[in-house]
Amino acid sequence: MKIKKQPETEMEYWSVIEALGGFIWQMNHSLSHGRIEDPDGGVEKDITSSREIQLRLVSEIVEKFGVIAPQDCPKVEFGEESPPAPEGKIYYWDWYKKMKAESYQTEYDGLICSACPFSEGVERMISLGGQIPCGVFSGSISRLRAPHLCAMVTFADWSEDNLRVEMVVNHGEEAFVAFQTRVEELKSPPAPAKVEA
């Protein structure tokens with residue numbers, strides 16, 4: 001297994017480490033439950049290769065971003081807190097959680113939910129593992145059809161009129177205006193940056 005592009009930013013490193021972790025977990029899970037077979041050892045080879053890439057990337061973030069590798073973090077008893085990391089350093093799992101929260105914040109900010117008064121917020125999205133934190137949809141939503149389309153209109157039984165009425169009745173006209181403004185922003189892609197020669 002190879003990665004297509006060497007990560008450069010902290011977010012790129014986190015994203016690749018996270019994707020590799022998801023792949024490793026999924027393949028191990030599928031193998032252990034007999035969902036896939038590996039008679040020639042190709043899947044096991046991909047898992048091993050993915051782990052090696054993950055370890056290499058973790059060693060790189062140690063150098064580049066002052067992350068303390070998991071094996072170098074202090075061992076504490078269950079229920080005890082780790083001592084603070086040295087100045088300018090961060091423990092791996094604290095870094096991981098910080099990057100995960102930043103990733104979800106970026107994703108949430110790019111959805112209409114970020115302007116919706118019925119949304120339960122980004123913290124709820126994090127606790128749901130990335131599911132849409134809708135406070136009125138009965139069920140779970142893993143993604144929207146498009147960033148500007150409300151799940152209550154596309155997946156549930158609300159019309160655009162129902163959405164407006166519910167929003168105005170429960171949160172006021174200003175909430176609906178802010179929501180509609182964000183819908184229009186999300187519909188229109190940002191203009192490309194101009195580069196002066």
Side-chain angles (χ1 to χ4, degrees), residues 3-5 7-27 29-30 54 57-58 61 65 67 81 85 90-195:
I3 53 175
K4 291 182 180 179
K5 180 185 174 288
E8 295 175 13
T9 67
E10 279 187 272
M11 187 55 71
E12 288 172 353
Y13 271 94
W14 180 83
S15 297
V16 175
I17 290 168
E18 178 76 350
L20 288 167
F23 172 78
I24 292 166
W25 184 89
Q26 184 62 50
M27 291 299 101
H29 185 72
S30 294
Q54 249 189 341
L57 295 175
V58 170
I61 64 170
F65 306 115
V67 176
E81 289 198 24
I90 185 169
Y91 295 128
Y92 177 82
W93 290 109
D94 291 339
W95 174 83
Y96 177 88
K97 287 184 229 171
K98 177 184 87 142
M99 298 310 296
K100 185 174 187 174
E102 286 179 21
S103 173
Y104 280 131
Q105 184 70 60
T106 299
E107 182 180 349
Y108 183 75
D109 290 345
L111 298 174
I112 189 55
C113 308
S114 65
C116 180
F118 294 118
S119 173
E120 295 176 337
V122 71
E123 293 300 322
R124 180 71 173 140
M125 185 176 184
I126 293 168
S127 74
L128 292 170
Q131 291 183 358
I132 305 300
C134 184
V136 289
F137 187 85
S138 62
S140 63
I141 313 162
S142 58
R143 64 178 47 105
L144 299 179
R145 287 197 178 146
H148 67 280
L149 295 175
C150 174
M152 288 304 295
V153 175
T154 58
F155 296 121
D157 57 0
W158 283 11
S159 67
E160 293 282 342
D161 286 339
N162 290 132
L163 177 65
R164 180 181 188 280
V165 167
E166 291 294 331
M167 206 172 281
V168 170
V169 165
N170 290 288
H171 300 282
E173 185 71 33
E174 307 79 32
F176 182 73
V177 170
F179 180 85
Q180 280 303 112
T181 300
R182 186 67 179 136
V183 165
E184 294 307 316
E185 291 169 356
L186 291 169
K187 277 185 185 179
S188 306
K194 293 185 179 181
V195 178

For [X] and [Y], does a side-chain donor sit closer than 3.5 Å to a side-chain acceptor?
| X | Y | answer |
| --- | --- | --- |
| Q26 | S30 | yes |
| D109 | Q105 | yes |
| E10 | W95 | yes |

Do you know the tightest heavy-atom contact between [X] and [Y]?
| X | Y | result |
| --- | --- | --- |
| G110 | P147 | O-CB, 3.2 Å |
| C113 | S119 | O-CB, 3.2 Å |
| I112 | F179 | CG1-CE1, 3.2 Å |
| E166 | F118 | O-CZ, 3.6 Å |
| L111 | L186 | C-CD1, 3.7 Å |
| H148 | K187 | CD2-CG, 3.4 Å |

For [X] and [Y], indicate whether the former's side chain and the latter's backbone hold a donor-acceptor pair under 3.5 Å.
| X | Y | answer |
| --- | --- | --- |
| E107 | S103 | no |
| Y104 | G129 | yes |
| Q54 | I17 | yes |

Taking C-beta and beyond as the side chain, do S140 and L128 meet within less than 4.5 Å on heavy atoms?
no

A side-chain contact here means heavy atoms from C-beta on lying under 4.5 Å apart; do T9 and Y13 qualify?
no

K97 atom NZ, neighbour heavy-atom count above 12 within 6.0 Å
no

Any chance you could measure [X], atom [atom1], to [Y], atom [atom2], to the nearest 0.5 Å?
| X | Y | atom1 | atom2 | result |
| --- | --- | --- | --- | --- |
| C116 | F176 | SG | CZ | 10.5 Å |
| E120 | F137 | CD | CZ | 13.0 Å |
| Q131 | I126 | CD | CD1 | 13.5 Å |
| S142 | I132 | OG | CD1 | 7.5 Å |
| W158 | M152 | CH2 | CE | 4.5 Å |

Relative to each other, are the rings of Y96 and W14 parallel, tilted or perpendicular (30° and 60° limits)?
tilted

Is any side-chain N of the basic residue among E173 and R164 closer than 4.0 Å to the acidic one's carboxylate O?
yes

